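First listed ligand is number 1; within each ligand, the first listed atom is number 1. Being a predicted model, the structure only gives us computed values, none of them experimental.
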Amino acid sequence: MPIKVIQGDITQMKTDAIVNAANTSLLGGGGVDGAIHRAAGPKLLEECKTLNGCATGQAKYTQGYQLAARYIIHTVGPIWQGGAKGEEELLASAYLNSLKIAECLKLNSIAFPNISTGVYGFPKEKAVEIAYNTVNLFLRTTSTMEVYFVCFDAENLSLYQNKLI
Ligand code: ADP
């Protein structure tokens with residue numbers, strides 16, 4: 001099974017790339033973004049400053065610096081505003097564009113956090129559906145990549161585990 005669900009801290013993953021749930025500035029923030037910047041070290045911010053930000057639903061990549069992962073793929077999930085502002089499509093795009101970068105870089109493994117389900121407030125159950133379906137479709141049609149969903153909280157972990165069964 002190329003999709004794996006685990007609970008933990010994404011900064012510790014030894015996959016070829018980890019995905020960052022960044023904001024449009026790409027200059028760091030709280031939550032998983034802050035944890036990744038702390039673990040990767042200050043050179044990450046230096047490289048991020050050269051990227052000119054990132055639109056919601058898009059993705060850009062940097063080196064992993066002090067992380068075990070070689071690359072960090074920075075994507076920007078949508079802020080949940082009730083569901084009528086294209087949030088579902090934008091979340092799917094964030095996953096898909098991250099996977100496309102991983103494929104372009106010929107990576108064998110990638111780890112995703114639960115994008116937008118923290119301060120961005122995306123309903124967790126809906127987010128799991130979108131994440132899982134987007135990754136599953138991508139793997140079925142184009143790739144043999146190993147994909148990890150790294151859940152930080154127990155609620156997301158059980159939602160993902162139920163989805164995989
Ligand atoms: P967003 O702004 O996209 O909602 P957050 O960082 O607030 O981003 O939250 C996204 C998800 O990342 C949440 O489910 C949160 O629990 C999780 N998270 C926070 N820190 C870590 C970490 N170190 N490793 C993995 N996931 C994390």
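Annotation: atom 10 (C) of ligand 1 to nearest protein heavy atom, N114 O, 3.4 Å. At the shortest separation from atom 14 (O) of ligand 1 among protein heavy atoms lies T117 OG1, 2.8 Å. Here the heavy atom of the protein found nearest to atom 12 (O) of ligand 1 is V32 CB, 3.9 Å. Scanning the protein for heavy atoms near atom 24 (N) of ligand 1, the closest one is I10 N, 3.0 Å. When only non-hydrogen protein atoms are considered, atom 4 (O) of ligand 1 lies nearest to G118 N, 2.9 Å. The single protein non-hydrogen atom nearest to atom 3 (O) of ligand 1 is S116 N, 2.9 Å, given as residue, atom name and distance. Protein heavy atom closest to atom 23 (N) of ligand 1, with residue, atom name and distance, is D9 OD1, 2.9 Å. Of the protein's heavy atoms, F152 CB, 3.7 Å lies nearest to atom 17 (C) of ligand 1.
Numbered from 1 in the order shown, with element, the atoms of ligand 1 that lie under 4.0 Å from a heavy atom of D153 read 14 (O), 16 (O). Below 4.0 Å from some heavy atom of V119 lie the following atoms of ligand 1, by number and element: 2 (O), 4 (O), 7 (O). Near G8, meaning under 4.0 Å from any of its heavy atoms, are these atoms of ligand 1: 24 (N), 25 (C). Residue-ligand proximity, A21 to ligand 1, at heavy-atom distances under 4.0 Å covers atoms 3 (O). Shown in contact with A35 at under 4.0 Å from a heavy atom are these atoms of ligand 1, numbered in order with element: 23 (N).
A donor-acceptor pair is defined here as one N or O able to donate and one able to accept, closer than 3.5 Å; no such pair exists between the side chain of N136 and the backbone of Y132. Side-chain N or O atoms of N108 include none that pairs as donor or acceptor with a backbone N or O of M145 at under 3.5 Å. S25 contributes no side-chain N or O that, together with a main-chain N or O of G53, makes up a donor-acceptor pair within less than 3.5 Å. With K60 contributing its side chain and L51 its backbone, the two residues share a donor-acceptor pair below 3.5 Å. Checking side-chain atoms of N97 against main-chain N and O of G57 turns up a donor-acceptor pair under 3.5 Å.
Note: F112 and Y148 fail the aromatic proximity criterion, with ring centroids not under 6.0 Å apart.
Judged as a ring-ring contact (aromatic ring centres under 6.0 Å, His included), and not counting sequence neighbours, F152 has no contacts.
Contact check on D16 versus K106 returns no salt bridge, with no Lys/Arg side-chain nitrogen under 4.0 Å from an Asp/Glu carboxylate oxygen.
Around CD of E125, the count of heavy atoms belonging to other residues, nucleotides or ligands within 6.0 Å does not exceed 12.
The shell of residues lying under 4.0 angstrom from ligand 1, judged by heavy atoms, includes N156.
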